[in-house]
There are 2 protein chains.
Amino acid sequence: MTEKSEDKQENETPPQTTASLVDFVVDAIIDGVMHGRYVQGQRLIAADVAEEYNVSRAPVREALHMLAGEGVVELIANKGARIRRLSVDERIDFLEFTEAMCVLGVRLATSKMRDLSLRSTVVEQFEKIEDAYARRNASDFVNALYTYHIILNEISGNGFVEFFYRRPYIRFYTLLLAELVPGNHWDQYILNYRLIHETILSGDAHSAVIMFTSHIRWVLRNMRIDNE
Amino acid sequence: MTEKSEDKQENETPPQTTASLVDFVVDAIIDGVMHGRYVQGQRLIAADVAEEYNVSRAPVREALHMLAGEGVVELIANKGARIRRLSVDERIDFLEFTEAMCVLGVRLATSKMRDLSLRSTVVEQFEKIEDAYARRNASDFVNALYTYHIILNEISGNGFVEFFYRRPYIRFYTLLLAELVPGNHWDQYILNYRLIHETILSGDAHSAVIMFTSHIRWVLRNMRIDNE
DNA sequence: GAATAAAAAATTGTATACAAAAATGCATGA
DNA sequence: TCATGCATTTTTGTATACAATTTTTTATTC
């Protein structure tokens with residue numbers, strides 16, 4: 001047994017890695033989930049996926065396990081893999097959960113709004129939200145909102161919030177939430193977000209958190225009403 | 001040659017499914033991480049792990065990918081797997097991040113403290129914290145605190161908070177946090193938690209959140225001071 | 001002796017073979 | 001008609017072989 005635990009202060013290698021087939025398949029499946037090629041609950045047969053991407057089953061299985069660890073795929077022993085399905089209750093819980101995460105992002109980011117370059121990034125992204133709203137494009141709207149929070153979480157400076165909010169399953173579940181907040185609430189939605197956005201720009205972290213929190217409360221109320 | 005730790009401590013088996021070797025290896029690695037057999041940054045060579053558990057490399061690789069998806073293991077293409085290492089900054093970010101999660105748990109759980117059976121579960125767990133404190137047992141203390149929050153998050157009724165806080169990587173990172181809050185802060189730590197606990201029992205969710213939040217702020221301050 | 005290049009070993013990545021389990025289909029009998 | 005049991009097919013789980021890559025060792029030169 002050659003057990004050598006050399007604790008070289010190995011500096012974390014920057015992403016100069018050659019992507020493996022596993023990474024390729026993971027990305028392909030994520031992409032499929034995001035673009036609706038795979039729907040929630042859909043079964044993923046390893047051999048079929050392998051054939052589709054011209055690889056063997058080994059990297060596909062590894063990709064499925066990775067995605068299962070993430071929470072995008074559900075894996076049952078001897079039964080195979082399927083895209084995870086979230087019940088209405090689970091989606092509500094998820095919204096409550098991500099709210100907590102985004103509140104942190106909003107709070108930290110707001111207190112950094114004096115930095116003009118950060119500020120303009122936020123402003124630009126909000127224009128994309130407005131644009132999607134003007135065009136009544138649901139998919140763009142949801143994506144723009146998601147990216148808006150991505151940016152806030154990046155600005156926050158907390159690597160964990162940023163990292164987590166970027167993870168595919170978060171984005172996937174966020175996408176599912178959109179189904180629960182139908183179109184006839186859009187007008188209120190954008191009004192809320194205009195207020196949140198203005199408060200964030202003002203640099204008043206405390207108020208921004210309150211604005212954002214009450215928006216989520218409003219969403220939760222409507223979700224429950226619409227799905228009862 | 002190496003001593004194999006028999007995992008008779010069989011975890012709960014929800015479905016009737018026969019656990020696969022992947023599940024077995026995942027559990028074994030998690031167990032190893034929790035009990036210090038694997039340290040952070042340590043490399044995991046697939047062939048060695050396979051030999052250790054008398055399985056082939058295939059399920060080991062799948063297990064490593066699953067754990068990579070979870071965030072316990074870091075996987076670099078063509079370079080292999082190692083137990084994820086968190087820098088001091090990352091740990092601080094992580095604490096801020098989990099704070100947000102636990103605040104939600106504390107808030108929701110507190111408002112349910114009129115239910116006597118729930119209440120007694122919380123009280124009993126707090127006694128274990130006090131016990132570990134009295135015995136000055138660091139490992140028990142951290143574990144008891146972790147379990148205390150597990151219970152609160154369970155009681156919260158939000159399936160996501162509960163699910164999330166139970167995930168191995170959360171527990172692993174929480175364990176790492178313990179290194180940053182050394183023994184000489186214990187007395188203040190338990191004083192803070194007594195206050196938090198009492199406020200939770202009072203049923204005043206708003207105050208409980210404030211108590212908990214200011215405790216975390218205190219921890220963060222000490223972390224930064226101790227590690228500068 | 002240190003730096004460099006070539007060779008060897010170790011390790012990872014991928015494909016495939018086969019066994020085990022589950023799903024499917026079909027015939028039979030009430 | 002419908003349930004039941006059995007054979008077939010599909011799919012998953014595991015082991016292994018081999019190719020590609022990285023790491024280590026050795027040899028060579030200055």
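Order of the sequence lines fixes the chain letters, A, B, ..., with proteins taken first and strands second; residue numbering starts at 1 for each chain. In this text the structure is predicted, and so the values were computed from the model without any measurement.
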Next on the checklist: Below 30° counts as parallel, above 60° as perpendicular, anything between as tilted: where do the rings of W186(B) and F141(B) land?
Outcome noted: parallel
Please state how far atom [atom1] in [X] lies from atom [atom2] in [N], giving the value in whole angstrom units.
| X | N | atom1 | atom2 | value |
| --- | --- | --- | --- | --- |
| N78(A) | dA23(C) | CG | C1' | 12 Å |
| E51(A) | dA15(C) | CD | C1' | 15 Å |
| L64(B) | dG13(C) | CG | P | 10 Å |
| I76(A) | dA23(C) | CD1 | P | 10 Å |
| L44(A) | dG13(D) | CG | P | 13 Å |
| D48(B) | dA9(C) | CG | P | 18 Å |
| H65(A) | dT14(C) | NE2 | P | 16 Å |
| E62(A) | dT14(D) | CD | P | 13 Å |

Item to check | Comparing A47(B) and R57(A) on DNA chain C - which has the more 5′ nearest nucleotide | outcome: A47(B)
Item to check | Whether D93(A) side chain and G159(B) backbone form a donor-acceptor pair below 3.5 Å | outcome: yes
Item to check | Ring centroid separation Y146(A) to Y165(A) under 6.0 Å | outcome: yes
[N], OP1 or OP2 - any side-chain N/O from [X] closer than 4.0 Å?
| X | N | answer |
| --- | --- | --- |
| K79(B) | dT23(D) | yes |
| R43(B) | dT12(C) | yes |
| S56(B) | dA15(D) | yes |

Checklist entry - What nucleic acid atoms does L75(B) come within less than 4.0 Å of, heavy atoms only: base, sugar-phosphate, or nothing? => result nothing
Item to check | Heavy-atom side-chain contact between R91(B) and E179(B) under 4.5 Å | outcome: yes
Item to check | Flag side-chain contact, heavy atom, 4.5 Å: R171(B) against N143(B) | outcome: yes
Checklist outcome for this item: Winner on side-chain proximity to A77(B), out of dT12(C), dG13(C), dA15(C), is dG13(C)
Next on the checklist: Closest approach to the side chain of V22(B), judged atom by atom: which nucleotide of dA15(C), dT14(D), dT12(D) is it?
Outcome noted: dT14(D)
